Amino acid sequence: MIDSPGQRALVVQMLHDFGADWQIRHDPETSIWTAVEYPTPTAQHIIVARSISELKTKLEAARGRRSS
């Protein structure tokens, strides 16, 4: 759940930084955040996290692996 203005700002920043490549979603029932990328028509890359900040960290790591 997005409880604070800081969390809202982080979500907006993440959508700006990663939204072009990733579909970012939050499931309020389970409180799980997911990001899905389709690098090719037949591939899916899925990242799951328990918080928006954890998802941000994982997406940054995925970006770093791709840049290497």
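Remember, it's a predicted structure, so these values are computed and weren't measured experimentally.
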Query - Nearest atoms (heavy-atom pairs only) where Arg63 meets Asp17 - result: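 Residues Arg63 and Asp17, closest heavy atoms: NH2-O, 3.0 Å.
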
**Report entry** Least distance between heavy atoms, Ala62 atom then His45 atom
**Finding:**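 Nearest pair, atom of Ala62 first, then His45: CB-CE1, 4.1 Å.
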
Report task. Treat each ILVMFWY residue as a node, draw an edge where side-chain heavy atoms are under 4.5 Å apart, and state whether Val48 and Trp22 are in one component. Result ->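 Val48 does not cluster with Trp22.
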
Are [X] and [Y] side-chain neighbours, meaning at least one heavy-atom pair lies under 4.5 Å?
X: Ile24; Y: Leu15; value: yes
X: Gln23; Y: Tyr38; value: yes
X: Val11; Y: Gln7; value: no

**Report entry** All side-chain contact (heavy atoms from CB on, under 4.5 Å) counterparts of Glu54, not counting sequence neighbours
**Finding:**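 Applying side-chain contact (heavy atoms from CB on, under 4.5 Å) to Glu54 gives Ala49, Arg50, Ser51, Lys58.
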
Requested in this report: Please list, chain by chain and in numerical order, all residues satisfying side-chain contact (heavy atoms from CB on, under 4.5 Å) with Thr57, sequence neighbours excluded.
Outcome: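 Testing Thr57 for side-chain contact (heavy atoms from CB on, under 4.5 Å), a comparison that skips the adjacent residues, returns none.
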
Query raised in the report: Does Asp21 have any side chain to side chain donor-acceptor pair (under 3.5 Å) partners at least two apart in sequence or in another chain, and if so, which?
Result: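 In terms of side chain to side chain donor-acceptor pair (under 3.5 Å), with neighbours along the sequence ignored, Asp21 is linked to no residue.
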
Kindly compute the distance separating [atom1] ([X]) from [atom2] ([Y]), expressed to the nearest 0.5 Å.
X: Phe18; Y: Lys56; atom1: CZ; atom2: NZ; value: 6.5 Å
X: Ile46; Y: Thr34; atom1: CD1; atom2: OG1; value: 8.0 Å
X: Gln13; Y: Ile52; atom1: CD; atom2: CD1; value: 11.0 Å

